[in-house]
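Please read the structure below before turning to the comments.
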Amino acid sequence: MAKGKKSVFFCQNCGHEESKWLGQCPACKEWNTFVEEKVSGVTKGSTVKTARESQVVSLSEVSADDHTRMTTGIRELDRVLGGGIVPGSLVLVGGDPGIGKSTLLLQVCQNLSREKKLLYISGEESLAQIKLRANRMGEFHENLKLLCETNLETIRTVIENQHPELVIIDSIQTMYSEEVSSAPGSVSQVRESTNVFMQLAKGLGISIFIVGHVTKEGTVAGPRVLEHMVDTVLYFEGDRHASYRILRGVKNRFGSTNEIGVFEMRQNGLVEVENPSEYMLSGKPENASGSVVACSMEGTRPILIEIQALVCQSNFGLPRRTAAGTDYNRVNLLMAVLEKRIGLPLSNYDAYVNIAGGIKMNEPAIDLGIIMALVSSYKNRPIDEKMIVFGEVGLSGEVRAVNMPEQRVAEAKKLGFETCIIPEVSKDMVKGIKGIKVIGVKTINDAMNLL
């Protein structure tokens, strides 16, 4: 036998490695995803010449404060990043095709090019295509340099010679190294390319943004190790045919992963939505049963959403249950609580639950809103338009406390709501907020009596 393996088999879906071909991947359970790829020996040039020699320092000598961050000029993006771009960081931006990844990063270049030296490397678009997109956004400074290239060795040489402060790679699946025999976009190529960019970012102190394609499940295509290598992973969410977009951080070594940024896609690019609650509640129907406003927290930001429910008599023995924007199993659980604890005969009714606007929310604090919307539709009684509800519901029918009730009530007051139904245990925490009526409920029976 040879000393080393000449080839190995990689799962194209998750990047799992095996020494032989398998029909089903043992890691992600997908079928027929293994491909054979040759293993190269020692990759030349895998190390990058660092701008400074490696040296040992004590922790007290290292200076790292928020002043070292680069602000992008886009407050929603800065919030998700944790306050701005950290020098030497490697950021992965994923999302569906056409969702706005390249547009957002080109807008970042537009804002930073006045003061910073930037390099935009595209492996998917020509220079003319980038120029056409840039013309819709406005003027760009000469500090922004463009490069259309997919060869990893050429890109590395250009970055070392130009030494920009920020590099955009669009996208990682188009980059290839001549020392790796597999095709661009394969597991080996993506891993090698990301490793090179990571060493460039850390060795030269350059911030690098990488655009990544996503699979049909919504995760970044390529090996799972890709997300482990980078410092920050951002996902663009939303329907490409809808106008709004949500930028969510799922990994961040320099900040919280609970923050989100809300954008609206317009002809001249992505525009920040500073008040998402008002945006989500626009067009709410008047005096309609099955409609209630609830409050969900995304990081430190309260977002008011409209929960709609439609309960109607089932014509078949098996009733239909549909949930859009929230967890389907959670809706079934809450309907079982209603049937057991209140006695509503929902087993003979179809139920459809929807969060208006297409936004997805899974926070337990919207449980009480879902229950009140279901009961309102079942009894055909509209809920007061100036009322907002939030609270987690347990299997015994109790209404449990949620985090940050003060921010939720303050947001409701700011948008003109007059009554707020909250868990009884959270009532003491919102005593300081005046100008809005706060009603505490212990069980869902107490909430139903308010309908």
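The basis for the numbers below is simple: all heavy atoms, side chains too, and nothing from hydrogens, waters or symmetry mates. Since this is a predicted model, take the numbers as computed values, not measurements.
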>> Determine whether Asn380 and Ser289 satisfy the following criterion, side chain to side chain donor-acceptor pair (under 3.5 Å), listing intermediate values before the conclusion.
In response: CA-CA 5 Å; Asn380 201 23; Ser289 63; 3.0 Å; yes
>> Run Thr72 and Asp78 through side chain to side chain donor-acceptor pair (under 3.5 Å) and show every step you take.
In response: CA-CA 7 Å; Thr72 63; Asp78 287 339; 2.8 Å; yes
>> Please evaluate residues Ile342 and Asn445 with respect to the criterion side-chain contact (heavy atoms from CB on, under 4.5 Å), reporting the C-alpha separation (whole Å), side-chain torsions for both, the decisive distance (0.1 Å), and the verdict.
In response: CA-CA 7 Å; Ile342 296 184; Asn445 285 286; 3.9 Å; yes
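- Residue Lys413 is tested with Ile388, Val430, Ile433 for a side chain to side chain contact (heavy atoms under 4.5 Å, CB included); the sole match is Ile433.
- Electrostatic pairing of Lys414 and Glu411 counts as a salt bridge here, judged by a charged N lying under 4.0 Å from a carboxylate O.
- Nearest heavy-atom pair across Leu81 and Gly84 is CB-O, 3.5 Å.
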> Between Val86 and Val91, does a side-chain contact (heavy atoms from CB on, under 4.5 Å) hold up when you go through it step by step?
Replying inline: CA-CA 10 Å; Val86 177; Val91 181; over 6 Å; no
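- Looking at Glu30 and His16, their side chains never bring a donor and an acceptor atom within 3.5 Å of each other.
- Considering only heavy atoms from C-beta on, Phe9 stays 4.5 Å or farther from Leu22 through its side chain.
- Residue-environment remark: NZ (Lys437) stays at or below the threshold of 12 foreign heavy atoms within 6.0 Å.
- Glu192 and Ser177 make their closest contact through CG-CB, 4.2 Å (heavy atoms, listed as atom of the first residue, atom of the second, distance).
- Scored by the ring pair (Phe, Tyr, Trp, His ring centres under 6.0 Å) test, Tyr349 finds Tyr378 as partners (sequence neighbours excluded).
- The distance from the CD1 atom of Ile371 to the CZ atom of Arg341 is 11.5 Å, given to the nearest 0.5 Å.
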>> Using the rule given for side chain to side chain donor-acceptor pair (under 3.5 Å), can you reason through Glu124 versus Thr174, listing the C-alpha separation, both sets of side-chain angles and the distance that settles it, and then say yes or no?
In response: CA-CA 7 Å; Glu124 299 182 340; Thr174 60; 5.2 Å; no
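- Take Thr194 and apply the side-chain contact (heavy atoms from CB on, under 4.5 Å) test, not counting sequence neighbours, and it matches Leu90, Ile172, Val190, Leu226, Met229, Val230.
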>> Walk me through whether Gln407 and Thr300 qualify under side chain to side chain donor-acceptor pair (under 3.5 Å).
In response: CA-CA 8 Å; Gln407 288 89 330; Thr300 58; over 6 Å; no
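- No donor-acceptor pair under 3.5 Å is formed between the side chain of Asn195 and the backbone N or O of Arg191.
- Using a 4.5 Å heavy-atom cutoff, the side chains of Met335 and Glu339 are not in contact.
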>> What verdict does the side-chain contact (heavy atoms from CB on, under 4.5 Å) test give for Ile169 and Phe197, after you've listed the backbone C-alpha separation in whole Å, the side-chain angles of each residue and the deciding distance to 0.1 Å?
In response: CA-CA 9 Å; Ile169 308 294; Phe197 291 130; 3.7 Å; yes
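- Between the side chain of Gln129 and the main chain of Ser126, a donor-acceptor pair closer than 3.5 Å is present.
- Under the side-chain contact (heavy atoms from CB on, under 4.5 Å) criterion, Asn252 pairs with Thr232, Phe254, Thr257, not counting sequence neighbours.
- Note: Ser122 OG to Ile130 CD1 = 4.0 Å, rounded to the nearest 0.5 Å.
- The structure places CG of Asp170 at 10.5 Å from CD1 of Ile121, a figure rounded to the nearest 0.5 Å.
- Geometric assessment of Arg408 against the ring of Phe390 yields a positive cation-pi assignment under the 6.0 Å and 45° thresholds.
- Taking CZ of Arg79 as the reference point, atom OG of Ser256 lies at 11.5 Å (rounded to 0.5 Å).
- Between the CD atom of Glu385 and the CD atom of Glu418 there is a distance of 10.5 Å, given to the nearest 0.5 Å.
- For the 3.5 Å distance criterion, the side chains of Gln308 and Ser291 fail to qualify, holding no donor opposite an acceptor.
- Contact of the Leu104 side chain with the Ile74 side chain is registered, since non-hydrogen atoms from C-beta on lie closer than 4.5 Å.
- Using a 4.5 Å cut-off on side-chain heavy atoms (C-beta onward), Glu306 and Ile355 make no contact.
- Formation of a donor-acceptor pair under 3.5 Å by the Glu392 side chain with backbone atoms of Asp367 is not found in this model.
- The two residues Ser207 and Met70 come nearest to each other via the heavy atoms OG-CE, 3.8 Å.
- Considering every non-hydrogen atom in both Gly317 and Pro319, the closest pair reads O-CD, 3.5 Å.
- Evaluation of the salt bridge (Lys or Arg N to Asp or Glu O under 4.0 Å) test over residues 251-276, restricted to residues two or more places apart or in two chains, returns Arg75-Glu274, Asp231-Arg253, Glu264-Arg266.
- Across all their heavy atoms, Pro302 and Cys295 have their closest contact at CB-SG, 4.0 Å.
- Using a 4.5 Å heavy-atom cutoff, the side chains of Ile436 and Thr419 are not in contact.
- Every residue meeting the side-chain contact (heavy atoms from CB on, under 4.5 Å) condition with Asn135, not counting sequence neighbours, appears here in chain and number order: Lys131.
- Residues Ile246 and Phe263 form no side-chain contact, since every pair of their non-hydrogen atoms from C-beta on lies 4.5 Å or further apart.
- Residues Ile383 and Met372 are in side-chain contact: their nearest non-hydrogen atoms beyond the backbone lie under 4.5 Å apart.
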> Stepwise, does the side-chain contact (heavy atoms from CB on, under 4.5 Å) test hold for Met361 with Thr326?
Replying inline: CA-CA 5 Å; Met361 290 290 178; Thr326 188; 5.8 Å; no
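- Residue-environment remark: CG (Leu127) exceeds the threshold of 12 foreign heavy atoms within 6.0 Å.
- With no hydrogens or angles considered, a side-chain donor-acceptor pair links Asn151 and Glu178 at under 3.5 Å.
- Salt-bridge formation is not detected for the pair Asp350/Arg321: no Lys NZ or Arg NE/NH1/NH2 atom is positioned less than 4.0 Å from an Asp or Glu carboxylate oxygen.
- The shortest non-hydrogen separation linking Thr33 to Cys25 is OG1-CB, 4.1 Å.
- Legend: residues meeting salt bridge (Lys or Arg N to Asp or Glu O under 4.0 Å) with Glu398, ordered by chain and number and at least two apart, are Arg400.
- In summary, the side chains of Glu36 and Ser7 do present a donor paired with an acceptor at a separation below 3.5 Å, with no hydrogens or angles considered.
- Annotation: the span from Leu152 atom CG to Met175 atom CE amounts to 8.0 Å, rounded to 0.5 Å.
- Side-chain contact between Ser314 and Arg320 is absent, with no heavy atoms from C-beta onward closer than 4.5 Å.
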